[in-house]
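So you know, we letter chains A, B, ... as the sequences are listed, proteins then strands, and number each from 1.
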Amino acid sequence: MPELPEVEVVKRSLERKILHLAIKKVTINDGNLRYKINKKEILNLIGRKFIEIKRRSKFLIFKLNKDFHMLVHLGMTGKFFYIDRKKKKFKTSFYYDLNYKKDQKHDRVIFYFSNDQKLIYNDIRKFGFIKFVKKKKFLENIHLRNLGPEPLEKKYNFLYLKKYMNGRKRNVKNTLMDQRCVSGLGNIYVNEILFFSGINPKRKVKNLNDSEISRIIKNTKKILKNSIKLGGSSIKDFYSDDGKKGEFQQLFAVYGRKGEICSNTDCKKKISKIVISNRASFYCRRCQK
DNA sequence: AGGCATGTTACAGG
DNA sequence: ACCTGTAACATGCC
């Protein structure tokens, strides 16, 4: 589920719920995530509090009133459940799985706060991770040191991308998925960006013209911003803050739409699905040249 | 039963 | 040293 917009939505809702609350207890049901959770380090959280939450690419950075940060990546299926004990019902901070009861067995780590709230890290496939990183060594951290610019920042612009793409033999799909080029995009959003930019995913980046590069920049920013505004769209079951079920809307133009008619006016072609580097690519043969 | 899935990274080979 | 593609990780769903 989580690409940049989803992680940003998680960040925004978490910072409204758990900042400045004393951490009372942490239990680990299964610490064998992508990296084994260091129990000693996680016990260091007791009595501390999160003072700020930041996002870099798809990583969440929980800043503590201590000399280290908690670094979290959601992998493919990581999610947080926020639970309000006082109301004796679940209250989710961002999204809520319809099958939560069934999903409960994948609760991996539970953070208990002093006011009887708790935060659950749930991860079906265990590709996510929770790590602790010394503040002084943060920027040189292996996960963060090679990340390219944030797509929504000014540094990610036409000149940057033109220079990056110049002379590279790689195709545009893999290039945009590469976190060193631009950080935070994943398979879903790259499919969408290339559709709206009218570019075939297999095109070599060195052959893209100025207009195409410019379209990639513009559409990336537009699509990501819109998705954040809508509360993260690559999620299946969305519940608003009060736990009411939201309307699920399929917001993608091409992703997952193999065989459906292209949404561009006057184009009657069916959306194709091909595999590029082991990942599904959806595109319109007529509109994406 | 087999194929597929939103992410990252270690590794092999050019 | 750089660039590229592939496999692996764990689990559930169709």
Side-chain angles (χ1 to χ4, degrees), chain A residues 1-10 29-37 55-60 71-80 94-95 97-108 121-131 141-148 151 164-194 201-206 223-224 227-228 230-238 248 250-259 273-282:
Chain A
M1 276 166 231
E3 295 184 35
L4 185 150
E6 292 74 42
V7 179
E8 177 64 23
V9 171
V10 170
N29 295 339
D30 183 353
N32 296 310
L33 304 181
R34 183 185 180 108
Y35 307 108
K36 199 168 173 64
I37 291 178
R55 180 192 58 74
R56 172 77 171 106
S57 185
K58 301 167 198 169
F59 297 90
L60 286 167
L71 181 65
V72 175
H73 194 285
L74 302 173
M76 299 273 257
T77 53
K79 34 189 161 312
F80 281 107
F94 49 99
Y95 61 87
D97 198 288
L98 282 173
N99 297 312
Y100 183 67
K101 277 273 186 278
K102 204 168 76 178
D103 217 28
Q104 232 166 339
K105 67 170 176 241
H106 306 297
D107 289 351
R108 309 298 182 186
Y121 178 72
N122 177 295
D123 192 343
I124 297 170
R125 289 167 73 180
K126 300 200 284 187
F127 285 0
F129 68 75
I130 299 177
K131 263 190 180 183
N141 178 270
I142 182 168
H143 301 288
L144 306 168
R145 66 185 176 200
N146 290 323
L147 292 177
Y164 187 93
M165 288 179 162
N166 181 40
R168 286 185 196 253
K169 293 172 189 163
R170 229 173 173 189
N171 67 52
V172 63
K173 169 93 189 298
N174 285 341
T175 302
L176 294 177
M177 299 262 295
D178 190 331
Q179 304 298 302
R180 291 170 296 191
C181 170
V182 54
S183 64
L185 305 182
N187 200 30
I188 293 178
Y189 286 100
V190 170
N191 271 287
E192 296 296 297
I193 290 162
L194 291 176
K202 284 190 290 198
R203 287 275 300 284
K204 298 280 185 255
V205 289
K206 62 177 179 178
I223 291 167
L224 293 183
S227 186
I228 291 170
L230 293 170
S233 52
S234 71
I235 51 182
K236 286 190 179 113
D237 311 296
F238 177 78
F248 171 61
Q250 173 57 272
L251 298 158
F252 304 121
V254 281
Y255 185 82
R257 292 192 181 277
K258 180 189 175 187
K273 180 187 174 185
I274 57 170
V275 174
I276 299 176
S277 297
N278 280 324
R279 311 304 295 271
S281 286
F282 300 89

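Minimum interatomic distance between A/R108 and A/I124 (heavy atoms only, all atoms of both residues): NH2-O, 3.2 Å. Taking each heavy atom of A/A280 and A/N187 in turn, the nearest pair found is O-ND2, 3.1 Å. A pairwise comparison of heavy atoms in A/P2 and A/V7 identifies CB-CG2, 3.8 Å as the closest pair. Nearest approach of A/S281 to A/K173, heavy atoms of both residues: OG-NZ, 2.7 Å. Of all heavy-atom pairs spanning A/V172 and A/P201, the tightest one is CG1-O, 3.4 Å. Shortest non-hydrogen contact noted between A/N29 and A/D107 is ND2-O, 3.0 Å.
Using a 30° and 60° split on the angle between ring planes, A/F59 and A/F129 fall in the tilted class, from 30° to 60°.
Counting to the nearest Å, the P atom of C/dC13 and the CE atom of A/M76 are 15 Å from each other. Protein atom CD1 of A/I130 is 16 Å distant from nucleotide atom C1' of B/dG7, rounded to whole Å. One atom, CG of A/N29, and another, C1' of C/dT11, lie 17 Å apart when rounded to the nearest Å. Rounded to an integer number of Å, the gap from A/F127 CZ to C/dG12 C1' is 12 Å. A/K206 has its NZ atom 14 Å from the C1' atom of C/dT4, to the nearest Å. Here C/dA10 presents its P atom at 19 Å from CG of A/L74, a figure rounded to the nearest Å. Across the protein-nucleic acid pair, A/N146 atom CG and C/dA1 atom P stand 14 Å apart, rounded to whole Å. Protein atom CD of A/Q104 is 14 Å distant from nucleotide atom P of C/dG12, rounded to whole Å.
OP1 or OP2 of C/dG12 lies within a sub-4.0 Å distance of a side-chain N or O belonging to A/K105. Between A/K273 and B/dA5, a side-chain N or O to OP1/OP2 separation shorter than 4.0 Å is present. Between A/H106 and C/dA10 there is no side-chain polar atom (N or O) within less than 4.0 angstrom of OP1 or OP2. Listed pair A/H143 / B/dT9 meets the phosphate criterion, a side-chain N or O lying under 4.0 Å from OP1 or OP2. Remark: A/R34 is not in phosphate contact with C/dA8, judged by side-chain N or O atoms under 4.0 Å from OP1 or OP2. When the side-chain nitrogen and oxygen atoms of A/K126 are compared with OP1 and OP2 of C/dC9, none of them lie within a distance under 4.0 Å. For A/H73, a side-chain nitrogen or oxygen approaches OP1 or OP2 of B/dT8 to under 4.0 Å.
Of the listed nucleotides (C/dA10, C/dT6, C/dG12), C/dT6 has the atom at the smallest distance from the side chain of A/N278. Distance from the side chain of A/R170 is smallest to C/dT4 among B/dG7, C/dT4, C/dT6. When each of C/dA10, C/dT4, C/dG12 is scored by its nearest atom to the side-chain atoms of A/K169, the top-ranked nucleotide is C/dT4.
Residues of residues 172-182 of chain A that place a heavy atom closer than 4.0 Å to DNA chain C, in numerical order, are A/N174.
Stem regions for DNA chain C, each three or more consecutive Watson-Crick or G-U pairs with both distances under 3.5 Å and listed by first number, read B:2-5 with C:11-14, B:7-14 with C:2-9.
When heavy atoms are screened at a 4.0 angstrom cut-off, A/F59 is found touching no nucleic acid atom at all.
Between C/dC9 and B/dA1, the distance separating the two C1' atoms is 22 Å to the nearest Å.
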>> The test is side chain to side chain contact (heavy atoms under 4.5 Å, CB included); show your working for A/E6 and A/L74 and say whether it passes.
In response: CA-CA 10 Å; A/E6 292 74 42; A/L74 302 173; over 6 Å; no
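Counting heavy atoms from C-beta outward, A/T175 and A/Y164 have side chains that approach closer than 4.5 Å. In this structure, the side chains of A/N191 and A/F252 stay at 4.5 Å or more apart for every pair of heavy atoms. When side chains are defined from C-beta on, A/L4 does not count as touching A/Y189, because their heavy atoms never get closer than 4.5 Å.
If you check distances only, the side chain of A/R279 never reaches the base of B/dA5 with a donor-acceptor pair under 3.5 Å.
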